[in-house]
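Counting begins at 1 with the first residue of the sequence.
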Amino acid sequence: VIFLHGLGDTGHGWAEAFAGIRSSHIKYICPHAPVRPVTLNMNMAMPSWFDIIGLSPDSQEDESGIKQAAENIKALIDQEVKNGIPSNRIILGGFSQGPVGGANRDISILQCHGDCDPLVPLMFGSLTVEKLKTLVNPVNVTFKTYEGMMHSSCQQEMMDVKQFIDKLLPPID
């Protein structure tokens with residue numbers, strides 16, 4: 001499981017969160033984004049997979065930064081494949097800014113969202129899940145919302161993530 005943190009965060013907090021739900025036969029990698037200026041935050045330097053210019057649907061996007069982030073994540077995946085982990089046993093996940101990468105039509109997707117998120121409104125999550133359903137087999141896309149959850153995670157969400165991971169990555173005899 002490769003899990004990417006959100007803007008301004010590091011992998012440490014998510015590594016701790018996964019420690020509470022980890023299965024012993026699964027390796028969890030929580031990398032750190034490079035520190036870079038972020039336009040949205042008055043050009044303050046912070047951990048960020050790519051620049052964020054704005055949060056509205058019509059905001060300009062850092063296309064080259066997103067492509068570079070995707071290449072970095074692909075290199076991380078390729079390294080794990082070289083280490084002997086079959087590509088069909090690698091799960092890519094992330095929080096907020098974190099999920100970056102391409103998809104094949106047969107992958108399973110779990111998308112979670114708080115219904116009280118003031119930073120990334122639930123409407124954006126709903127639009128994202130509808131877009132995902134056009135890119136992959138729609139029956140493989142699960143969208144879960146969590147009542148009262150803001151731009152964060154909760155215990156029920158982490159248990160749902162654990163169930164999703166354990167279903168996709170059962171122990172190999």
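- Atoms NZ and NZ, from Lys133 and Lys131 in turn, are 14.5 Å apart once rounded to the nearest 0.5 Å.
- Taking the side chain as every heavy atom from C-beta outward, Pro31 and Leu76 approach each other to under 4.5 Å.
- Partners of Thr142 according to the side-chain hydrogen bond (donor to acceptor under 3.5 Å, both in side chains) rule, which considers only residues two or more places apart in sequence or in another chain, do not exist here.
- Taking the six-membered ring wherever Trp is involved, the centroid distance between the rings of His12 and His32 falls below 6.0 Å.
- When the side-chain hydrogen bond (donor to acceptor under 3.5 Å, both in side chains) test is applied to Asn88, no partner is found at least two apart in sequence or on another chain.
- Of the possible donor and acceptor atoms, none in the side chain of Arg36 sits under 3.5 Å from a partner among the backbone N and O of Met46.
- The pair Lys67-Glu63 meets the salt-bridge criterion, with a side-chain N (NZ, NE, NH1 or NH2) lying under 4.0 Å from an Asp/Glu carboxylate O.
- Considering only heavy atoms from C-beta on, His113 comes within 4.5 Å of Val120 through its side chain.
- In this structure Ser59 satisfies the side-chain hydrogen bond (donor to acceptor under 3.5 Å, both in side chains) test together with Ser56, sequence neighbours excluded.
- You'll find the side chain of Leu4 reaches within 4.5 Å of the side chain of Ile2, heavy atoms only.
- Thr145 and Asp115 share no side-chain donor-acceptor pair at under 3.5 Å.
- Under the ring pair (Phe, Tyr, Trp, His ring centres under 6.0 Å) test applied with His5, the options Trp49, Phe95, Phe18 reduce to a single match, Trp49.
- Residues Val81 and Ile90 are in side-chain contact: their nearest non-hydrogen atoms beyond the backbone lie under 4.5 Å apart.
- A salt bridge is absent between Lys82 and Asp78: the closest approach of a Lys/Arg side-chain nitrogen to an acidic carboxylate oxygen does not fall below 4.0 angstrom.
- In this structure the side chain of Gln156 never reaches within 4.5 angstrom of the side chain of Met149, judged on heavy atoms.
- Two residues are said to be in side-chain contact when any heavy atoms from C-beta on lie closer than 4.5 Å; Asn41 and Leu7 meet this criterion.
- Counting only distance, with no hydrogens or angles, the side chain of Tyr146 and the backbone of Cys116 share no donor-acceptor pair below 3.5 Å.
- In this structure, His25 and Pro170 have side chains that are not in contact, with every pair of non-hydrogen atoms separated by 4.5 Å or more.
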